[in-house]
Amino acid sequence: MERSFGRDLSAGLENVLILMETRESGEDAFPKFQYTPENVQGPGCDVDPTEVTLPGCSCRSQSCLPDSCPCLCFGQAYTSEGRLVEQREEEASLGYSRPVFECNVLCECSEACQSRLVQNGVRVRLGVFCTQGRGWGVLALEAIPQGCFVCEYAGEVIGFQEARKRQLSQTTEDMNYIIAVQEHGGGQQPSRTFVDPAVVGNVGRFLNHSCQPNLVMVPVRVHSLVPRLALFTSRDIEVGEELTFDYAGGHVTSTQTHSHRLGPQTEPGAPQRKACHCGAPNCTGVLPLDISVLH
């Protein structure tokens, strides 16, 4: 199917054009929202995600090394080609991943450091298009190798009470965008991050769910302890292929990171499930729904 793409959705805020499919008047209306390439502080969030709160390294080198750089105390996350290390990719697909920290603006290493990737923004050509029966989606407008960073799932970072309020106010007819990421580290209490790109967000808000996705989500920390929800390809992507991720973040019994797309609930104990139309051979028939993180 030939598609025609027009204006830049990001209005120049990304490194590359995020193109929108040209539609006939009267067809599915494009949602109104404010574009942001990275997370912004929302109601109930005590920390500004754009504020630099992490220390920098003193590595005066072209690229930092795991043995000597404090930013890489959990190991190197990316290859020299700028792809997610295979072991990290496997961990993410299972819902488990070691913490990923990138070098930041306070680091003395070069801008070309191997540990600077997500902070450099979108580098692949993407198009937002109208799907058949699944609303809007995101297409790859170029071939993307396995392990490449595609985009963030960026929006308002909100607090627990605000996320709960927004989730409980939704009906089964409302589109839901809130992602809840719960991270477990050692014996500490799990940390929770809520991101809602409904009103302020980026191209990630248009990514559809699939029970057989081709993207994995990895929390990445750059300048702040507030994670960036980075999406990487889990296999080679062809030109014109739709990009998707698992809203449930994978299913395992012992994990370090869980991500869930929250859904509407009309009354306590009666969650409303929406049908899944991903078309995958292993499709469950319903979209993932997890409201336990809000209790």
Worksheet item: Between atom CZ of R205 and atom CD1 of I179, what is the distance when rounded to the nearest 0.5 Å?
Response: 13.0 Å

Discussion item. The criterion is ring-ring contact (aromatic ring centres under 6.0 Å, His included); which residues satisfy it with F206, sequence neighbours excluded?
Written reply: F30, F33

Worksheet item: In terms of side-chain heavy atoms, does E242 have a donor or acceptor partner in N208 at a distance below 3.5 Å?
Response: yes

Worksheet item: Can you list the steps and then say if L243 with L139 is a side chain to side chain contact (heavy atoms under 4.5 Å, CB included)?
Response: CA-CA 6 Å; L243 298 166; L139 283 179; over 6 Å; no

Discussion item. For a side chain to side chain contact (heavy atoms under 4.5 Å, CB included) check, start with the C-alpha distance between N104 and C57, then their side-chain angles and the critical distance, and finish with the verdict.
Written reply: CA-CA 8 Å; N104 59 51; C57 68; over 6 Å; no

Worksheet item: Taking all atoms of both residues into account, what is the closest heavy-atom pair of G56 and C107, and its distance?
Response: CA-SG, 3.6 Å

Response to the item:
The side-chain hydrogen bond (donor to acceptor under 3.5 Å, both in side chains) partners of N15 (sequence neighbours excluded) come to none

Worksheet item: How many angstroms lie between atom OH of Y247 and atom OG of S210, to the nearest 0.5 angstrom?
Response: 10.0 Å

Worksheet item: Taking only residues two or more places apart in sequence, or in another chain, which ones meet R7 in a salt bridge (charged side-chain N to carboxylate O under 4.0 Å, His left out)?
Response: none

Item to complete: Quick one: pull up OG in S191 and CD in Q182 and give me the separation to the nearest 0.5 Å.
Response: 8.0 Å

Discussion item. For the residue pair R98 and F74, would you count it as a cation-pi contact if the rule is NZ or CZ under 6.0 angstrom from the ring centre and within 45 degrees of the ring axis?
Written reply: no

Worksheet item: For residues 51-64, which residue pairs qualify under side chain to side chain donor-acceptor pair (under 3.5 Å), counting only residues two or more places apart or in two chains?
Response: R60-E108

Discussion item. Would you say that more than 12 heavy atoms from the other residues, nucleotides or ligands in this model lie under 6.0 Å from the CG of N282, or not?
Written reply: yes

Discussion item. Treating D8 as the side-chain partner and I18 as the backbone partner, does any N or O pair qualify as donor plus acceptor under 3.5 Å?
Written reply: yes

Discussion item. Applying side chain to side chain contact (heavy atoms under 4.5 Å, CB included) to T244 and C278, what does each step give before you reach the verdict?
Written reply: CA-CA 9 Å; T244 58; C278 72; over 6 Å; no

Discussion item. Taking V200 as the starting point, is it possible to reach V128 by hopping between hydrophobic residues whose side chains are less than 4.5 Å apart?
Written reply: no

Fill in: Atom pair NE2 (H223) and CZ (R228), whose distance is rounded to the nearest 0.5 Å
5.0 Å

Practice prompt. Indicate yes or no: does R125 engage E14 in a salt bridge with an N to O separation below 4.0 Å.
Written response: no

Worksheet item: Closest approach of R166 and Q170, non-hydrogen atoms and distance?
Response: O-CG, 3.2 Å

Item to complete: Measure the spacing between OG1 of T233 and CD1 of I144 and express it to the nearest 0.5 Å.
Response: 6.5 Å

Item to complete: Work out which heavy atom in A154 is nearest to a heavy atom in N202; give both atom names and the distance.
Response: N-OD1, 3.1 Å

Worksheet, complete the sentence: Separation between CG (L126) and OG (S10), nearest 0.5 Å, reads 10.0 Å

Response to the item:
Taking every heavy atom of Y35 against every heavy atom of V203, the minimum-distance pair comes out as OH-N, 3.4 Å

Worksheet entry | Shortest non-hydrogen separation from S234 to P213 and the atoms involved | OG-O, 3.7 Å

Practice prompt. Provide the full list of side chain to side chain donor-acceptor pair (under 3.5 Å) pairs with a residue in residues 68-84, sequence neighbours left out, each pair given once.
Written response: Y78-E102, T79-E81

Discussion item. Please give me the minimum heavy-atom distance between L287 and C276, naming the atom from each residue.
Written reply: N-CB, 3.8 Å

Practice prompt. Could you pull out all residues at least two apart from P49 that satisfy side-chain contact (heavy atoms from CB on, under 4.5 Å)?
Written response: N39, Q41, V157, V226

